[in-house]
Structures are given as structure tokens and as C-alpha cells.
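As C-alpha cells, the structure follows; a few thoughts come after it.
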Amino acid sequence: MEHNEPRNETEAALYDFKEGLGTFTQKMPKIAKHFNAFTEACFEEGKLSQKEKQLIALGISIFSQDEYCIIYHTKGCLDQGATEEEILEAIGVSAAFGGGAAMSQAVTLVQECITDLNQYKQ
């Protein structure tokens, strides 16, 4: 984010996550370095595209009810060019496994994130 103040709840959550990760990195640099290297390797382009990997991560985040990861990977999906329809289809698969709890995240948090993040696209 290029601005200083979050413009909505989604940006506020992303800011909080980034700030918390920064604090953890200062206190536990070795662990943070290895964790970051591992996750970066997992999300590199390969046989699966980065967009497909973000859609998978979003589905897992929804299934596990991890709100920060839901927000982070919704942004990741959009950043990698996923359409709202692709995101909603991935959510449908998550709901097939996670039932109503997964669907509740889809009809609230994910849709709010999509709206918030698309609001300021140029």
C-alpha cells in the first residue's frame, strides 16, 4: 500500500498483518527468514500458475477460518488476475468441504475484501 492510512477494513487488516509480521521478524529473524523463503518458494510459478496457487491458498484459508489469510489471499488472487467469478468458484469448492462455516466467510469477508480492494484500482 502506497498510502499511510488504511482506507477501509480490508486495508486495516492487511496493515495489521504486515506490522505484526515486521515485529515477529525483528524478534525472530532466523525463523522469519526461513519461513518467508519457504512460502516464497511455494508460491513461485511452476506447473501451477501463481493465480492457481493463490486460489488454492484462499480455499484453504476459508476452510481453516483464518481471517487474516482469507484477506491476504483474496488480495493475492486479485493481484494475480483472478476474476470475481474464479474466486467465487474456488469458494464453492471450499464450501463443499467446509460447509456453512466456509460459505459464511465467502458471503461476508471475501466479498467485502473484493469490494474494498477493487474500490481503489485505477
Side-chain angles (χ1 to χ4, degrees):
M1 292 180 286
E2 297 166 0
H3 50 279
N4 294 332
E5 293 296 319
R7 298 174 287 193
N8 52 52
E9 289 182 32
T10 299
E11 285 186 356
L14 289 168
Y15 178 82
D16 288 346
F17 176 74
K18 184 178 178 181
E19 185 176 38
L21 191 57
T23 300
F24 182 83
T25 300
Q26 289 174 350
K27 293 179 179 182
M28 303 297 292
K30 186 175 180 181
I31 292 172
K33 175 185 172 188
H34 291 289
F35 178 78
N36 290 337
F38 173 72
T39 57
E40 285 175 17
C42 290
F43 281 88
E44 286 178 357
E45 192 85 16
K47 297 294 182 188
L48 296 175
S49 69
Q50 289 181 326
K51 178 174 85 170
E52 291 168 323
K53 290 179 179 189
Q54 286 294 336
L55 288 164
I56 292 167
L58 177 59
I60 293 167
S61 300
I62 290 168
F63 181 80
S64 64
Q65 300 291 297
D66 183 336
E67 290 191 15
Y68 282 104
C69 285
I70 291 169
I71 294 167
Y72 184 83
H73 291 293
T74 298
K75 182 178 184 327
C77 287
L78 293 171
D79 288 349
Q80 291 301 320
T83 64
E84 183 174 359
E85 292 79 15
E86 289 172 318
I87 292 169
L88 294 176
E89 191 169 317
I91 288 166
V93 173
S94 299
F97 284 89
M103 185 58 78
S104 71
Q105 296 293 343
V107 300
T108 57
L109 184 57
V110 173
Q111 290 187 80
E112 179 183 310
C113 290
I114 291 170
T115 299
D116 284 353
L117 294 169
N118 283 335
Q119 184 176 3
Y120 299 104
K121 280 190 173 181
Q122 297 175 2

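Looking at Q54 and F43, their side chains come closer than 4.5 Å, going by heavy atoms from C-beta outward. Using a 4.5 Å heavy-atom threshold, the side chains of L117 and L14 count as touching.
The heavy-atom pair separating I71 from A13 by the smallest distance is CD1-CB, 3.5 Å. Across all their heavy atoms, S94 and A102 have their closest contact at O-CB, 3.8 Å.
Remark: side-chain polar atoms of Q50 are not paired, donor with acceptor, to backbone N or O of Q80 under 3.5 angstrom. At least one donor-acceptor pair under 3.5 Å links the side chain of E11 to the backbone N or O of R7.
Atom CD of Q119 sits in a crowded spot, with more than 12 heavy atoms from other residues, nucleotides or ligands closer than 6.0 Å. Residue E9 qualifies as open at atom CD: its count of foreign heavy atoms under 6.0 Å is 12 or below.
A distance of 12.5 Å separates NZ in K53 from NE2 in H73, rounded to the nearest 0.5 Å. Separation of atoms NZ (K51) and SG (C77) is listed at 9.5 Å; rounding is to 0.5 Å. In this structure, OG1 in T108 is found 7.5 Å from CD in E112, a value given to the nearest 0.5 Å.
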Quick one: side chains of residues 58-68, donor-acceptor pairs under 3.5 Å with protein atoms, not counting sequence neighbours, listed by atom name and distance.
{"from": "S61", "atom 1": "OG", "to": "A57", "atom 2": "O", "distance (Å)": "2.8"}
{"from": "S64", "atom 1": "OG", "to": "I60", "atom 2": "O", "distance (Å)": "3.0"}
{"from": "S64", "atom 1": "OG", "to": "S61", "atom 2": "O", "distance (Å)": "3.3"}
{"from": "Q65", "atom 1": "OE1", "to": "Q105", "atom 2": "NE2", "distance (Å)": "3.1"}
{"from": "Q65", "atom 1": "NE2", "to": "I62", "atom 2": "O", "distance (Å)": "2.9"}
{"from": "Q65", "atom 1": "NE2", "to": "A101", "atom 2": "O", "distance (Å)": "3.1"}
{"from": "D66", "atom 1": "OD1", "to": "Y68", "atom 2": "N", "distance (Å)": "3.4"}
{"from": "D66", "atom 1": "OD1", "to": "C69", "atom 2": "N", "distance (Å)": "3.1"}

Without placing hydrogens or testing angles, list every side-chain donor-acceptor pair under 3.5 Å for residues 19-28, not counting sequence neighbours.
{"from": "T23", "atom 1": "OG1", "to": "E19", "atom 2": "O", "distance (Å)": "3.2"}
{"from": "T25", "atom 1": "OG1", "to": "L21", "atom 2": "O", "distance (Å)": "2.8"}

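L109 pairs in a side-chain contact (heavy atoms from CB on, under 4.5 Å) with only one of the listed residues (I114, T74, I70), which is I70.
For D16, there are no side chain to side chain donor-acceptor pair (under 3.5 Å) partners two or more places apart in sequence or in a different chain.
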